[in-house]
There are 2 protein chains.
Amino acid sequence: MGSSTGTGTAAGTAPSTTELMEQVAAVGAAYFHDFAAAAARHGLNSSQAKALKAVLEPVPMRALAGRLGCDASNVTGIVDRLEALGYARREAAAADRRVKIVTITDGGRTVLDRIRADMGRARAAFDSLDTEQRAALSRLCDQVLPLLQRP
Amino acid sequence: MGSSTGTGTAAGTAPSTTELMEQVAAVGAAYFHDFAAAAARHGLNSSQAKALKAVLEPVPMRALAGRLGCDASNVTGIVDRLEALGYARREAAAADRRVKIVTITDGGRTVLDRIRADMGRARAAFDSLDTEQRAALSRLCDQVLPLLQRP
DNA sequence: TATTGTTATACTCTATAACTATA
DNA sequence: TATAGTTATAGAGTATAACAATA
């Protein structure tokens, strides 16, 4: 492949599945920690910040619960908070008047951008990868994710 | 490189840092979900299971709190639970009698192995990678992690 | 009757502060 | 006096069950 030194793949011995999972878990945990810290600096907890990402496209309350992986009863409070801050709003669905659709506001988009920009460690970490490494990591995530998310 | 079609690296365009972080976050979240589910099937919550991994080598209570990223007062309950199940035990430190060192038992090692084996989706996902891909992913994690964990 | 969103409630996890026993 | 571990307590986040409005 096109990588640097020429020592090739032999330089990194392939780890066992368990070891590999442990490494990925460490990266995931550190990322999540950084995300929660950045969100907190902008007055949101991680559920609220995650919800803000999920409503970049309009989503009904119940579907939002699914995306957040929590019970529907929690979504009320989460969206209440986002709405109180002016980051999202509820709109009645035209087709079914029971349904409320949550949409992000311009203010919400601004805060989300700021939170993302404010993730210093995560940004530095992934910025350290060159173009080829980023493409490789992206491809690996794409391959692994569907199997990881199966029902 | 070892991949399929021959379109090479150009096939996966390098994503922006934000997009890349989002992908990694999705993998991390799915992994953690699978881990928590597997632990629950063996009567542990994710903190307790994480603690079990952390005491594969003997660790003082306070240091364990650091590894788990929680307050020291929580560790008492977590280790109480592991001890009640026979998965870990407290031993007085020889040098300083205030300190209690937590050690995993054979039973704990067995359960930890079972939990790891029981992570069906995560295992299937990472088993789908060939040797070269696993080595690449491992290397990328190693590069990214230290920057991600900086104080 | 079934479903959406909400409310009321209880439970779990975590953090803060006070206590003990050692140092 | 300072530190390790524990205990007691309060707070945040989540789930369960019951409810009103709509389908």
Side-chain angles (χ1 to χ4, degrees), chain A residues 29 32-33 35-55 58-85 87-103, chain B residues 29 32-33 35-55 57-85 87-104:
Chain A
F32 189 74
H33 189 266
F35 174 69
R41 272 176 240 125
H42 294 269
L44 299 178
N45 65 28
S46 45
S47 293
Q48 292 156 356
K50 194 175 169 190
L52 204 53
K53 291 200 290 194
V55 298
V59 176
M61 295 287 286
R62 190 152 291 263
L64 183 53
R67 290 213 197 179
L68 298 178
C70 71
D71 190 84
S73 61
N74 296 324
V75 180
T76 300
I78 292 169
V79 174
D80 279 352
R81 171 77 179 157
L82 295 181
E83 206 164 26
L85 293 168
Y87 297 161
R89 60 169 178 276
R90 283 176 243 234
E91 293 169 350
D96 186 338
R97 276 159 51 198
R98 292 173 302 181
V99 175
K100 293 178 186 172
I101 294 174
V102 189
T103 311
Chain B
F32 189 76
H33 188 266
F35 174 69
R41 271 176 240 124
H42 294 269
L44 299 179
N45 66 27
S46 44
S47 293
Q48 291 156 356
K50 195 177 169 189
L52 204 52
K53 291 200 288 193
V55 297
E57 45 180 37
V59 177
M61 295 288 285
R62 190 153 291 265
L64 183 52
R67 289 213 196 180
L68 298 179
C70 71
D71 189 84
S73 61
N74 295 323
V75 180
T76 299
I78 292 170
V79 174
D80 279 352
R81 171 76 179 158
L82 295 180
E83 207 164 25
L85 292 169
Y87 298 161
R89 60 170 178 274
R90 283 176 243 233
E91 293 169 350
D96 186 336
R97 274 160 51 199
R98 291 173 302 179
V99 175
K100 293 178 188 172
I101 294 175
V102 189
T103 310
I104 195 168

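Within every chain, numbering begins at 1; the chains are lettered A, B, ... in the order of the sequence lines, protein sequences first and strands thereafter. On a predicted model such as this, the values are computed, not experimentally measured, just so you know.
Note: CD1 (A:Ile78) to P (D:dG13) measures 9 Å, nearest angstrom. Following rounding to the nearest Å, A:Lys100 (NZ) and C:dT3 (P) show an atom-to-atom distance of 19 Å. For B:Asp71 and D:dG11, the CG to P distance is 16 Å, given to the nearest whole Å. As rounded to whole Å, 17 Å separates atom P of D:dA21 from atom CZ of A:Arg90. One can place CG of A:Asn74 at 15 Å from P of D:dA17, the figure rounded to the nearest angstrom. Distance CD1 (A:Ile101) to C1' (C:dT4): 12 Å, rounded to an integer number of Å. A:Met61 places its CE atom 12 Å from the C1' atom of C:dT7, with the value rounded to the nearest Å. At whole-Å resolution of the value, CG in B:Leu68 and C1' in C:dA15 are 15 Å apart.
In plain terms, the two heavy atoms of B:Pro58 and B:Ile101 that are nearest each other are CB-CG2, 3.6 Å.
No engagement by A:Arg81 is indicated, since no non-hydrogen atom pair under 4.0 Å with the nucleic acid exists.
Dashed line: the shortest gap from a side-chain N or O of A:Arg97 to OP1 or OP2 of C:dT3 is not under 4.0 Å. Contact annotation: A:Asn45 does not reach the phosphate of D:dA12 (side-chain N/O to OP1 or OP2, under 4.0 Å).
For the atom pair CD1 of B:Ile78 and SG of B:Cys70, the computed distance is 4.5 Å after rounding to the nearest 0.5 Å. A:Lys50 NZ to A:Leu44 CG: the interatomic distance, rounded to the nearest 0.5 Å, is 14.5 Å.
Distances were taken from every side-chain heavy atom of B:Ser47 (C-beta onward) to each of D:dT6, C:dT14, D:dG5; the shortest belongs to C:dT14.
Both A:Ser73 and A:Arg98 sit near DNA chain C, but only A:Arg98 has its closest nucleotide nearer the 5' end. Comparing A:Cys70 and B:Val99, the nucleotide of DNA chain D nearest to each residue sits closer to the 5' end for B:Val99.
Within 6.0 Å of atom NE2 in A:His42, more than 12 heavy atoms from other residues, nucleotides or ligands are found, so the atom counts as buried in its surroundings.
Under a 4.0 Å N-O distance rule, the pair B:Lys100/B:Glu83 does not qualify as a salt bridge.
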